[in-house]
S.K.: 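Encoded as structure tokens, here's the structure I'll be asking about.
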2 protein chains.
Amino acid sequence: MEDKDPQFCPIAQAADIVTESWTPLILREALMGSHRFNEFKRAIPQISPSTLSRRLTTLTEAGILEKSSSRDDARGLEYHLTEAGEELRPVIIELGKWGIRWVRRKANLGKHDAAAMMWDMKRCVDAEVLPDERFVVKIEIRGVEKRARDWWLLFEEDGNTDLCLQPPGHDVALKVVATMETWADVWLGHRPIHEAIDGGDMRLEGDRLLQDSIEDWIGLSVLAPTPRP
Amino acid sequence: MEDKDPQFCPIAQAADIVTESWTPLILREALMGSHRFNEFKRAIPQISPSTLSRRLTTLTEAGILEKSSSRDDARGLEYHLTEAGEELRPVIIELGKWGIRWVRRKANLGKHDAAAMMWDMKRCVDAEVLPDERFVVKIEIRGVEKRARDWWLLFEEDGNTDLCLQPPGHDVALKVVATMETWADVWLGHRPIHEAIDGGDMRLEGDRLLQDSIEDWIGLSVLAPTPRP
DNA sequence: CAGTATCCTATCCGATACTG
DNA sequence: CAGTATCGGATAGGATACTG
């Protein structure tokens, strides 16, 4: 391993820190705005708590994250990017752009992917374009384990959005149904959402206005606009 | 490890390939124009041949390198970047820019660093600005093991440059002496070369014209121009 | 909830030796 | 020279259980 004998090459030094397993994903989450242990945990479901703990410590020691006691009521720490950490954004983004352009290995999509996508989706929905009402959109992901199949996006009047794995007890204004494969293709921008809808791979039921404006409010992955080869 | 259960997140997929140990350095070399097994080997002295072999195979299977039989006389294969591989340049460069800006861990500089730097330096010297003559510059690196201390840059009439660990049997037109620490600082652009010379940390002996134009022909690391925080 | 400690296993890397 | 095969040891990550 490089670490045995640290190199003076800056690429080697940066790689020693950034390329540890799981670290790019942790950085992605931090750059997307996650701050709490369990925010990282649920966005990266496969990581074990011990490894996540170790990585957060390592990144803190490397000057990429800073620990601070929680702002408000909650206990536990918060993790915030330092200036150095923020400057890793281009590294992670370029990595993602490359991945979306060139990796064609088909992953076996499962519950972890569904969960990771949903938490990211929750972050990306654009409530600005939506009416200032409280309403619920149900997302159904076919072909994954039951526990990760049904999700509810709860839009609050104040523009905040919550994601639940249980029905939040309001009427569902819109239901969107597709297989995980279709969701992944749409989410990553491999396929325009209207093409999936018109092709019958994604089904919408409920409020017409929400249906017609789905492209505007649903918000895809930050990597979706990347041009393809 | 992420590999257990491949994710659909493009950052995770790219990371699975690019962030294996040694791979960023192998990519750096490929991007800088290395093609042969031993070019990689001597530019990354710490890697074991088995690991290098495995990585070159992995990168080929991932569609980043292509193996081809050697162009000219030599036996063995050549490794060339595919289009996908070439597009990793921004990832590696951003990694290096981050490293040069933010990593402050002092490496214990030794023979491997000296060798890696010298082979890179050989690639970066700009013979264009030099007279079309055959002449030799000796580089002396104080503070490293004897075997990596003395290097000779041999400039040929045709503009080609060779690097030797033995005196090539021509008169030395210029000798440049500094500790490895100073060489590293100058090479990486942490410190202007004239500052090191004027400060007495780098000593030049020989041809005045070569001395006066050293900044023009010596060619620093591609990362040297990176602005510092 | 927000992590940490322990233990065990799998893996992966380097050393060495070998081959066309 | 240009790699590849084998082997043994280190290490790092997951599972599990635990704590304030």
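Quick note on labels: first sequence line is chain A, next is B, and so on, each numbered from 1. The figures that follow rest on heavy atoms only: side chains count, while hydrogens, waters and symmetry mates do not.
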S.K.: Provide, to the nearest angstrom, the distance between the CD1 atom belonging to B:I47 and the C1' atom belonging to C:dA15.
M.R.: 14 Å
S.K.: Identify, with sequence neighbours excluded, every residue that meets side chain to side chain contact (heavy atoms under 4.5 Å, CB included) alongside A:E140.
M.R.: A:K138, A:R142, A:R149, A:D150, A:K175, A:V177
S.K.: B:F37 has an atom CZ; how far is it from atom P of D:dC1, in whole Å?
M.R.: 12 Å
S.K.: I'd like to check the side-chain hydrogen bond (donor to acceptor under 3.5 Å, both in side chains) partners of B:T179; sequence neighbours left out, ordered by chain and number.
M.R.: B:T182
S.K.: Show me the side-chain donor-acceptor pairs of residues 93-103 of chain A shorter than 3.5 Å, one per line, residues at least two apart or across chains.
M.R.:
unit_1 : atom_1 : unit_2 : atom_2 : d
A:E94  : OE2    : A:K97  : NZ     : 3.3
A:W98  : NE1    : B:A84  : O      : 2.7
A:R101 : NE     : B:E87  : OE1    : 2.7
A:R101 : NH1    : A:P227 : O      : 2.7
A:R101 : NH2    : B:E87  : OE1    : 3.4
A:R101 : NH2    : B:E87  : OE2    : 2.7
A:W102 : NE1    : B:E87  : OE1    : 2.8

S.K.: At under 4.0 Å, does any side-chain N or O of A:R55 touch on OP1 or OP2 of D:dG13?
M.R.: yes
S.K.: How would DNA chain C look in dot-bracket form, 5' to 3', counting Watson-Crick and G-U wobble pairs with both distances under 3.5 Å and writing | for bases paired to another strand?
M.R.: ||||||||||||||||||||
S.K.: If you check every side-chain atom of B:R36, which of D:dG14, C:dC1, D:dA2 has the closest atom?
M.R.: D:dA2
S.K.: Provide, to the nearest angstrom, the distance between the CG atom belonging to B:L52 and the P atom belonging to D:dG3.
M.R.: 9 Å
S.K.: Side-chain N or O of A:S21 versus OP1/OP2 of D:dG13: is the shortest distance under 4.0 Å?
M.R.: yes
S.K.: Nearest whole angstrom, please: distance from the C1' of D:dT11 to the CD of A:E20.
M.R.: 12 Å
S.K.: Return the value, rounded to whole Å, for the distance between atom NE2 of A:H35 and atom C1' of C:dA2.
M.R.: 17 Å
S.K.: Ignoring the backbone of A:W22, work out which of D:dG13, C:dC13, C:dA2 is nearest its side chain.
M.R.: D:dG13
S.K.: Would one find a side-chain N or O of A:R54 under 4.0 angstrom from OP1 or OP2 of D:dG13?
M.R.: yes
S.K.: List the atom pairs, donor and acceptor, that lie under 3.5 Å between side-chain atoms in residues 55-67 of chain B and the rest of the protein, sequence neighbours left out.
M.R.:
unit_1 : atom_1 : unit_2 : atom_2 : d
B:R55  : NE     : B:S21  : O      : 2.8
B:R55  : NH2    : B:S21  : O      : 3.3
B:R55  : NH2    : B:S21  : OG     : 3.2
B:T57  : OG1    : B:S53  : O      : 3.0
B:T58  : OG1    : B:R54  : O      : 2.9
B:T60  : OG1    : B:L56  : O      : 2.7

S.K.: State whether B:S50 places a side-chain N or O below 4.0 Å from either non-bridging phosphate oxygen (OP1 or OP2) of C:dG14.
M.R.: no
S.K.: With a 4.0 Å cutoff (strictly under), does any side-chain N or O of A:Y79 reach OP1 or OP2 of C:dA2?
M.R.: no
S.K.: Report the distance from atom CZ of A:F40 to atom P of C:dC1, rounded to the nearest whole Å.
M.R.: 17 Å
S.K.: Classify the ring geometry between B:H35 and B:H80 as parallel (under 30°), tilted (30 to 60°) or perpendicular (over 60°).
M.R.: parallel
S.K.: In this structure, how many angstroms lie between the C1' atom of D:dC1 and the CZ atom of B:R42, rounded?
M.R.: 13 Å
S.K.: Could you tell me whether the phosphate oxygens of D:dG13, OP1 or OP2, come under 4.0 Å of any side-chain nitrogen or oxygen in A:T51?
M.R.: no
S.K.: The criterion is side-chain hydrogen bond (donor to acceptor under 3.5 Å, both in side chains); which residues satisfy it with A:D185, sequence neighbours excluded?
M.R.: none
S.K.: Measure from CG on A:L77 to C1' on D:dG20 and round the result to the nearest Å.
M.R.: 13 Å
S.K.: Hey, does the side chain of B:K41 reach the backbone of B:I47 with a donor-acceptor pair shorter than 3.5 angstrom?
M.R.: yes
